[in-house]
Amino acid sequence: MKYDPSAIEKKWQKRWLEEKTFAASTGSDKPKFYALVEFPYPSGQGLHVGHARPYTAMDVVARKKRMEGKNVLFPIGYDAFGLPTENYAIKNHIHPAKVTHDNIANFTNQLQMLGYSFDWDRVVNTTDPDYYKWTQWIFLQLYKHGLAYKTTMPVNWCTSCKCVLANEEVVEGVCERCGSPVIRKEKSQWMLKITEYAQRLIDDLDELDYIDRVKIQQKNWIGRSTGAEVDFPVTTGDSLTVFTTRCDTLFGATYMVVSPEHKLLEKWKDQIANWDEVTAYQAEAARKSDFERTELTADKEKTGVELQGVRAINPVNGKEIPIFISDYVLASYGTGAIMAVPAHDTRDWAFAKKFGCEIIEVVSGGEDVQKEAFTAKDDTGILVNSEFLNGLTVKEAIPAMTKWLEEKGIGREKVNYKLRDWVFSRQRYWGEPIPMVYCEKCGWQPISEDQLPLVLPEVESYEPTDDGESPLSKMTDWVTTTCPHCGGPARRETDTMPQWAGSSWYFLRYMDPDNHDALASKEALEYWSPVDWYNGGMEHTTLHLLYSRFWHKFLYDIGVVPTKEPYAKRTSHGMILGEGGEKMSKSRGNVINPNDVIAQYGADTMRTYIMFIGDFEKAAAWSDNAVKGCRRFLDRVWNLADQLTDSSDYTPANESAIHKAIKKVSDDIEALKFNTAIATLMALVNDFYANGCSKGDMRTLLLLLSPFAPHMAEELWESLGFNSDGMACQQAWPVYDESKTVASEVTLAVQVGGKLKTTIQVPVDSEQEAVLAAALADPKVAKLADGMELVKTILVKNKLVNLIFKPKA
RNA sequence: GCCGGUGUGAUGGAAUUGGUAGACGUGACGGACUCAAAAUCCGUUGGGCUAAUCCCCCGUGUGGGUUCGAGUCCCACCACCGGCACCA
């Protein structure tokens with residue numbers, strides 16, 4: 001019979017669904033294993049091949065773990081709030097809930113067509129009020145613990161989405177989602193104090209099994225740096241505090257710079273002689289978009305204005321120095337002010353040259369500081385012109401100066417982070433309403449927990465407004481409410497939460513998706529936590545992954561979840577590119593639709609190919625021809641079933657290869673080396689064709705193949721009558737016998753002087769003497785040995801022997 | 001600029017982590033089957049030299065080095081990819 005995937009795939013998908021073959025049971029005695037993939041955003045385009053790669057990979061892992069006797073939780077859901085749906089709804093005048101519902105139906109169908117072993121009874125949907133009730137509940141807990149606050153500050157504003165963005169959502173000055181310019185806008189926003197967790201988010205990475213590039217990227221994003229704060233007296237009578245990592249250079253601080261937004265400026269207003277100039281500069285800085293501010297940062301022309309009539313005093317030498325405002329100093333980092341040491345900082349140097357500030361060398365070891373700043377922080381620099389620090393290296397001078405500052409009470413050690421608090425409001429409709437109410441008398445008040453969920457109301461229009469308010473703000477009867485505290489008139493918050501809210505805790509809901517009394521039961525949380533293996537995209541490293549670690553730590557602190565960290569292991573897959581290596585996009589016309597591949601070759605071919613395509617962690621280009629190769633491989637497996645010998649034992653000629661393949665496939669799946677696991681299976685099938693194949697050979701092959709091509713494996717399993725105790729996916733994973741993987745004889749490479757000359761056959765574990773004799777017996781080696789003296793023999797057991805000769809004296 | 005990664009046949013990629021470079025797949029070439037094509041099956045396929053699938057030489061971005069032995073380790077460079085970017 002010819003292999004016809006369209007018939008058999010539906011048959012097995014139906015059966016798995018009906019029998020709930022992959023349902024996880026909370027509390028089972030079997031060891032648990034929680035495998036997680038990032039749930040999709042159900043876009044109108046449907047599932048694309050970029051989803052298939054991580055989903056197939058974790059499906060392979062989940063299927064193998066079940067066969068190894070684990071109670072596996074492998075869930076799926078939908079991260080359905082968000083802008084594309086809202087924009088589609090606006091354009092087509094359909095309610096976003098309806099759009100979401102239809103897209104989810106389409107996604108579900110597509111996911112089932114690929115044969116994924118998800119537990120379909122645990123599907124979550126972030127837009128379901130029963131789900132976002134708990135998203136809102138977590139927000140209220142954050143608020144009650146002082147980690148959510150509303151403040152007015154300059155925020156990133158996407159000009160196209162008409163919505164604020166978190167720092168993490170701004171990439172190179174443009175909107176991460178739509179690519180439009182991001183400007184700075186003063187707005188009152190809900191913020192989450194992720195900075196309070198900065199240190200723990202760094203420290204706890206050490207205990208986690210995350211791939212290194214994820215850890216490094218998160219650490220860099222959090223950006224811890226240790227330095228000191230130093231107070232500079234100012235002629236106005238108050239003092240200006242700066243943060244520096246180079247307090248050793250304090251004697252070289254010849255001027256100061258504050259950011260245009262610095263709050264002391266307003267206070268000094270009356271003493272600043274050129275106030276007009278200052279306000280003009282402030283206005284100009286505020287107008288600049290993030291893109292303009294970040295563009296060409298390295299050699300950007302420095303701008304600024306000197307404050308006339310206000311000067312600072314360098315506390316180490318009493319010298320009076322000027323103060324400038326300049327946008328090269330950021331308001332949001334450190335204290336928003338710096339001491340400038342032009343001799344040893346390239347930015348200060350560039351500014352000093354332009355504005356004619358004094359450049360004083362305080363660390364020797366570089367070139368002429370009038371020509372170039374000397375910034376080395378290692379032992380190459382020796383302090384000069386610095387009184388009590390003279391002669392010390394930079395490394396020695398920093399702690400010495402810190403100690404001195406602390407003793408004098410004018411400075412202190414200080415740690416700073418680049419990480420900013422999380423801007424949590426969005427001026428859009430399709431998101432979770434923020435469950436807060438504003439009362440003129442009582443201020444911001446949380447709504448009572450028994451009022452949750454605060455359901456998103458129906459509105460006439462979902463259009464974002466040009467005044468920067470959420471569409472909800474136009475819903476007068478919804479907005480108007482009473483204060484939960486005093487009962488007086490009050491207004492609801494009309495901003496909604498960002499898309500990252502629902503995805504920050506969804507993995508907890510899978511553990512107990514229908515719970516009405518808690519986000520999940522204690523019992524379920526205890527049983528399933530933490531996620532054992534989470535695979536997802538690198539693009540989420542400093543967004544979703546960081547956010548969810550933060551929420552989880554908070555939930556741990558308030559006793560809701562039992563573990564400090566949500567995910568024990570994190571891996572990441574590379575992108576799937578179009579044929580030729582270009583990014584897949586509609587405009588290039590190189591988008592591969594999984595449905596087409598399934599229709600033409602079958603889901604098993606799609607799965608096998610997407611795993612075989614290349615190194616899982618690297619980007620890989622689609623190739624139609626290579627898909628055919630995988631189909632050919634499956635055809636060969638299928639056809640093998642017609643020519644089996646009857647023995648239930650392994651064919652002797654195949655035995656060693658089978659045991660090696662079991663080991664290789666098992667190890668490779670754990671190590672994300674799916675491509676070589678399939679290569680091993682292909683080679684094994686080639687062996688079976690060469691040596692003949694018994695029923696026993698086939699049985700093991702089908703088990704090893706079943707995670708990759710589960711439909712075919714089940715069909716052959718059944719037709720060959722192996723199914724007396726269940727489906728292939730319910731069998732025990734094959735075990736290999738180490739002793740069977742070694743043959744009695746091995747091929748040994750023979751090198752002379754490190755160069756391969758020939759190979760010889762020797763018994764396994766042969767010792768040097770025997771190997772040497774065999775090697776010298778080889779005519780080729782004998783010829784090379786003629787007239788030579790053997791000076792050294794290196795034997796790598798069962799691998800190679802290297803003979804070093806020198807001419808006989 | 002800083003941090004991280006990668007560089008291997010025509011091509012996607014292997015290589016037990018210092019031990020026979022090119023597994024497996026694609027493509028190409030030759031053959032079988034066929035009236036023919038497709039499909040399938042068998043063989044060949046890094047380069048040079050050659051009548052030869054004997055020898056020999058070269059070969060993992062470039063140049064050095066360590067080692068009996070280097071794709072793998074060290075130093076310097078080149079190219080590309082990703083992240084961060086005036087973070088004091």
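Chain letters run A, B, ... following the sequence lines, proteins first, then strands; residues in each count from 1. The figures that follow rest on heavy atoms only: side chains count, while hydrogens, waters and symmetry mates do not.
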| Is it the case that A:K302 places NZ or CZ above or below the six-membered ring of A:Y328, under 6.0 angstrom from the centre and within 45 degrees of the axis? | yes
| Whole-Å distance separating the CD atom of A:E168 from the C1' atom of B:G83 | 14 Å
| Between P of B:G4 and CG of A:N220, the distance in whole Å | 8 Å
| said: On the side chain of A:K418, is there an atom forming a donor-acceptor pair with the base of B:C84 - under 3.5 Å, no angle test? | reply: no
| remark: Of B:C86, B:C68, B:A88, the nucleotide closest to the side chain of A:K792 is B:C68
| With rounding to whole Å, what would you report as the distance between B:A21 and B:G69 at their P atoms? | 14 Å
| request: By nearest nucleotide on RNA chain B, pick out whichever of A:K757 and A:G336 is the more 5' one. | output: A:K757
| How far does the P atom of B:C29 sit from the matching atom of B:A38, given to the nearest Å? | 11 Å
| A:I338 near the nucleic acid: base, sugar-phosphate alone, or nothing, with a heavy-atom cut-off under 4.0 Å? | base
| remark: The side chain to side chain donor-acceptor pair (under 3.5 Å) partners of A:N691 (sequence neighbours excluded) come to A:N654
Report each atom pair, protein N/O against N/O of nucleotides 17-26 of chain B, whose distance is under 3.5 angstrom.
unit_1	atom_1	unit_2	atom_2	d
B:G19	N2	A:Q751	OE1	3.3
B:G25	OP1	A:N686	ND2	3.4
B:U26	OP1	A:R632	NH1	2.7

| request: Check whether any side-chain N or O of A:S225 sits under 4.0 Å from OP1 or OP2 of B:A88, and answer yes or no. | output: yes
| task | For B:U17, measure the glycosidic angle (O4'-C1'-N9-C4 for a purine, O4'-C1'-N1-C2 for a pyrimidine) and name it syn if it falls within 90° of 0, otherwise anti. | result | syn
| query | Considering only the P atoms, how many Å lie between B:A23 and B:G18, rounded to the nearest integer? | reply | 22 Å
| said: Just the rounded figure in Å: distance from P of B:G5 to NE2 of A:H573. | reply: 20 Å
| If you measure from the C1' atom in B:U72 to the same atom in B:U20, how many Å do you get, rounded? | 15 Å
| side chain to side chain contact (heavy atoms under 4.5 Å, CB included) partners for A:D624, two or more places apart | A:E579, A:W622
| remark: For RNA chain B, the dot-bracket notation using Watson-Crick and G-U wobble pairs below 3.5 Å, [ ] for pseudoknot-type crossings and | for other-strand pairs, is (((((((..(((......[....)))((((((.......))))))(((.......)))..(((((..]....))))))))))))....
| request: For B:U8 and B:A14, measure between their P atoms and round to the nearest Å. | output: 12 Å
| NA contact type, A:A619, heavy-atom cut-off 4.0 Å: base, sugar-phosphate, or nothing? | sugar-phosphate
| said: Without decimals, in angstroms, what is the distance between A:Q217 CD and B:C2 P? | reply: 18 Å
| P gap between B:C73 and B:G83, integer Å | 25 Å
| What nucleic acid atoms does A:D615 come within less than 4.0 Å of, heavy atoms only: base, sugar-phosphate, or nothing? | sugar-phosphate
| Out of B:A88, B:C84, B:G4, which has the shortest distance to the side chain of A:T244? | B:A88
| message | Measure NE2/A:H659 against P/B:U16 and give the value in whole Å, please. | response | 23 Å
| remark: By side chain to side chain donor-acceptor pair (under 3.5 Å), A:T747 pairs with (sequence neighbours left out) A:Q761
| query | Within the pair A:Y328 and B:A88, is there a side-chain N or O less than 4.0 Å away from OP1 or OP2? | reply | no
| How far does the C1' atom of B:G9 sit from the matching atom of B:G71, given to the nearest Å? | 14 Å
| said: With rounding to the closest Å, how many angstrom separate the C1' atoms on B:U26 and B:G13? | reply: 11 Å
| Contacts of type side chain to side chain contact (heavy atoms under 4.5 Å, CB included), residue A:A679, not counting sequence neighbours | A:F612
| query | Hey, is B:C35 sitting syn or anti, using the within-90° cutoff around 0? | reply | anti
| Of all residues at least two apart in sequence or in a different chain, which pass the side chain to side chain donor-acceptor pair (under 3.5 Å) check with A:R246? | A:D248
Report each atom pair, protein N/O against N/O of nucleotides 43-45 of chain B, whose distance is under 3.5 angstrom.
none

| message | By nearest atom, which of the nucleotides B:A88, B:C84, B:C86 is closest to the A:K302 side chain? | response | B:C86
| task | Answer with base, sugar-phosphate or nothing: what part of the nucleic acid does A:K215 contact at a heavy-atom distance below 4.0 Å? | result | nothing
| query | Whole Å only: how far is the CG atom of A:D624 from the P atom of B:G12? | reply | 16 Å
| In whole Å, what is the span from the CZ atom of A:F805 to the P atom of B:C68? | 17 Å
| request: Could I get the full list of side chain to side chain contact (heavy atoms under 4.5 Å, CB included) partners for A:E617, not counting sequence neighbours? | output: A:I211, A:R213, A:D615, A:L672
| field | Near-ring test A:Y255/A:F351, centroid separation under 6.0 angstrom | value | yes
| query | Between A:I804 and A:I216, which has a closest nucleotide on RNA chain B that is more 5'? | reply | A:I216
| query | Is any NZ, NE, NH1 or NH2 atom of the basic residue among A:E738 and A:K663 found under 4.0 Å from an Asp or Glu carboxylate oxygen of the other? | reply | no
| query | How many Å lie between CG on A:L240 and C1' on B:A88, as a whole number? | reply | 13 Å
| said: Side chain of A:K618, heavy atoms from C-beta onward: which of B:U6, B:C57, B:C68 has the nearest atom to it? | reply: B:U6
| said: Any side-chain N or O of A:K414 below 4.0 angstrom from OP1/OP2 of B:A88? | reply: no
| note | So CD1 of A:I398 and SG of A:C247: to nearest 0.5 Å the spacing works out to 6.0 Å
| query | Do the rings of A:H573 and A:F616 sit parallel, tilted or perpendicular, given the 30° and 60° boundaries? | reply | tilted
| task | Sequence neighbours left out, what passes side chain to side chain donor-acceptor pair (under 3.5 Å) with A:T303? Give chain and number order. | result | A:Y281
| request: Not counting sequence neighbours, which residues clear side chain to side chain contact (heavy atoms under 4.5 Å, CB included) with A:Q217? List them please. | output: A:M538, A:T541
| Taking 4.0 angstrom as the limit, do A:R412 and A:D231 come out as a salt bridge? | yes
| said: Syn or anti for B:G9? Use the chi torsion, O4'-C1'-N9-C4 for purines and O4'-C1'-N1-C2 for pyrimidines, with syn inside 90° of 0. | reply: syn
| message | A:W638: which residues meet the ring-ring contact (aromatic ring centres under 6.0 Å, His included) condition with it, sequence neighbours left out? | response | A:Y3
